[in-house]
Visitor: 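My questions all concern the structure below.
Because only heavy atoms are used, hydrogens play no part in the values below, and waters and symmetry mates are left out as well, while side chains stay in.
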Amino acid sequence: MTRKNQGPALAPAEEAARYLENAKTILSEKAGKKDGLYVDVKYVKMASGTAYSAALLILDEFLKQKEGLKFTKPTSIEDYTNRVRKYDKKLMRLLVEVYDELHIAGYYHGTSSARTIQLGLDNVRQMLTYI
């Protein structure tokens, strides 16, 4: 799949920020919010998956910067947490929270809790500062 009319590839931080912005747009335009809950869980799942993908882009770039030529893409959440733990425990904790809030609660279970999803988005935004 190619991006049309976007010119050269974006830097990893810019690409992750774009994913995060897309997730926020999906939530605000499609999911509908009432009394602190999202109305359409389908779009919550879509936005959660998009935001979680941003977190993985961030982690891949972080690990590339730390591991250099030895870098290989992690194959599981355990692999991500074990490798990130070696370099930065705060980033590792953010990863665990994002995994719980966006991947498990948001994408997998389809939570309607706007608070849970917002916490996940905020944590991804914090992760962006690492690259």
Side-chain angles (χ1 to χ4, degrees):
M1 191 167 158
T2 60
R3 292 189 314 256
K4 296 179 184 176
N5 301 327
Q6 282 202 298
L10 297 173
E14 293 170 332
E15 186 72 358
R18 189 174 75 87
Y19 276 45
L20 192 55
E21 192 58 39
N22 287 345
K24 288 169 42 180
T25 300
I26 292 166
L27 289 170
S28 66
E29 293 179 3
K30 304 278 188 178
K33 195 180 343 180
K34 183 177 181 181
D35 299 327
L37 299 175
Y38 287 110
V39 177
D40 196 334
V41 173
K42 171 182 139 180
Y43 293 108
V44 173
K45 286 182 165 200
M46 185 185 300
S48 296
T50 302
Y52 184 67
S53 293
L56 295 181
L57 286 171
I58 293 164
L59 293 169
D60 288 346
E61 181 59 23
F62 176 82
L63 289 171
K64 282 178 192 175
Q65 290 173 5
K66 294 295 183 185
E67 297 174 351
L69 296 174
K70 295 179 184 177
F71 172 79
T72 57
K73 188 158 175 62
T75 57
S76 67
I77 188 63
E78 291 82 13
D79 196 6
Y80 273 107
T81 55
N82 289 334
R83 288 168 64 183
V84 170
R85 179 183 288 118
K86 292 178 192 176
Y87 305 108
D88 195 296
K89 289 186 177 31
K90 184 176 180 197
L91 180 59
M92 188 269 309
R93 285 189 298 272
L94 286 170
L95 164 60
V96 170
E97 290 173 7
V98 164
Y99 180 77
D100 287 344
E101 294 154 352
L102 295 176
H103 186 65
I104 300 298
Y107 180 76
Y108 188 71
H109 291 296
T111 185
S112 57
S113 169
R115 183 173 181 266
T116 299
I117 300 304
Q118 188 59 52
L119 284 171
L121 295 176
D122 291 344
N123 285 332
V124 174
R125 202 169 295 109
Q126 286 181 51
M127 290 173 75
L128 259 173
T129 64
Y130 283 83
I131 60 171

Visitor: Quick one: pull up CG in Asn82 and NZ in Lys86 and give me the separation to the nearest 0.5 Å.
Guide: 7.5 Å
Visitor: Is there a continuous path of hydrophobic side-chain contacts, each under 4.5 Å between heavy atoms, that joins Leu121 to Leu95?
Guide: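 Linked within one cluster.
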Visitor: Same hydrophobic cluster for Ile104 and Met127, using side-chain heavy-atom links shorter than 4.5 Å among ILVMFWY?
Guide: yes
Visitor: Applying side chain to side chain contact (heavy atoms under 4.5 Å, CB included) between Glu101 and each of Leu119, Ile117, Val96, report the one that passes.
Guide: Leu119
Visitor: Do Val84 and Lys89 make a side-chain contact, defined as non-hydrogen atoms from C-beta onward lying under 4.5 Å apart?
Guide: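 Answer no - side chains too far apart.
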Visitor: Should we count OH of Tyr108 as having more than 12 external heavy atoms under 6.0 Å?
Guide: no
Visitor: To the nearest 0.5 Å, what is the distance between CG (Leu63) and CD1 (Ile58)?
Guide: 12.0 Å
Visitor: What pair of heavy atoms forms the shortest contact from Arg83 to Phe71, and how long is it?
Guide: NH2-CD1, 3.6 Å
Visitor: Evaluate the criterion side chain to side chain contact (heavy atoms under 4.5 Å, CB included) for residue pair His103 and Val98; output intermediate values, then yes/no.
Guide: CA-CA 7 Å; His103 186 65; Val98 164; over 6 Å; no
Visitor: So Thr116 and Asp100, side chain to side chain contact (heavy atoms under 4.5 Å, CB included) or not? Walk me through it.
Guide: CA-CA 9 Å; Thr116 299; Asp100 287 344; over 6 Å; no
Visitor: What is the minimum heavy-atom distance between Pro12 and Ile131, and which atoms define it?
Guide: C-CD1, 4.1 Å
Visitor: Taking all non-hydrogen atoms of both residues, which atom of Ala114 and which atom of Lys33 are closest, and how far apart?
Guide: CB-CD, 3.7 Å
Visitor: Taking the side chain as every heavy atom from C-beta outward, state whether Asp40 and Lys30 have any atom pair closer than 4.5 Å.
Guide: no
Visitor: Taking atom NZ of Lys73 as the centre, report whether more than 12 heavy atoms of other residues, nucleotides or ligands fall under 6.0 Å from it.
Guide: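 Enclosed: over 12 neighbouring heavy atoms sit under 6.0 Å from NZ of Lys73.
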Visitor: So how far is it from Thr50 OG1 to Glu21 CD, rounded to the nearest 0.5 Å?
Guide: 12.0 Å
Visitor: Please round to the nearest 0.5 Å and tell me the distance separating atom OG of Ser28 and atom OH of Tyr43.
Guide: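 If we round to the nearest 0.5 Å, Ser28:OG and Tyr43:OH are 12.5 Å apart.
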Visitor: Would Val44 and Ile26 count as a side chain to side chain contact (heavy atoms under 4.5 Å, CB included) here? Give the steps.
Guide: CA-CA 8 Å; Val44 173; Ile26 292 166; over 6 Å; no
Visitor: Any chain of hydrophobic side-chain contacts (each under 4.5 Å) joining Val39 to Tyr107?
Guide: no
Visitor: If you look at every heavy atom in Ala51 and Leu20, which pair is closest and at what distance?
Guide: CB-CD1, 4.2 Å
Visitor: About how many Å separate NZ of Lys66 and OH of Tyr130, when rounded to the nearest 0.5 Å?
Guide: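 With rounding to 0.5 Å, OH (Tyr130) is 10.5 Å from NZ (Lys66).
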Visitor: Would you find a donor on one side and an acceptor on the other, under 3.5 Å apart, between the side chain of Gln65 and the backbone of Phe62?
Guide: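 No, Gln65 side chain to Phe62 backbone: no donor-acceptor pair under 3.5 Å.
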Visitor: Are Ile77 and Leu57 co-members of a hydrophobic cluster defined by side-chain heavy atoms under 4.5 Å apart?
Guide: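 Hydrophobic grouping puts Leu57 apart from Ile77.
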Visitor: What distance do Ser53 atom OG and Tyr19 atom OH have between them, rounded to the nearest 0.5 Å?
Guide: 6.0 Å
Visitor: Grab the two heavy atoms, one from Asp88 and one from Leu91, that are nearest each other, plus how far apart they are.
Guide: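 The answer is OD1-N, 2.9 Å.
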Visitor: Could you tell me which non-hydrogen atom of Leu27 sits nearest to which non-hydrogen atom of Ala47, and how far apart they are?
Guide: CG-CB, 3.5 Å
Visitor: Any link between Tyr99 and Leu59 through a network of hydrophobic side chains (Ile, Leu, Val, Met, Phe, Trp, Tyr) touching at under 4.5 Å?
Guide: yes
Visitor: Are Gln118 and Asp122 linked by a side-chain donor-acceptor pair shorter than 3.5 Å?
Guide: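 Result is yes, a qualifying pair exists.
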Visitor: State plainly whether the residues Glu67 and Lys70 are in salt-bridge range, i.e. N to O under 4.0 Å.
Guide: no
Visitor: In sequence, state the C-alpha distance, the side-chain angles, and the governing distance for Tyr80 and Leu56, and then conclude on side chain to side chain contact (heavy atoms under 4.5 Å, CB included).
Guide: CA-CA 9 Å; Tyr80 273 107; Leu56 295 181; 3.8 Å; yes
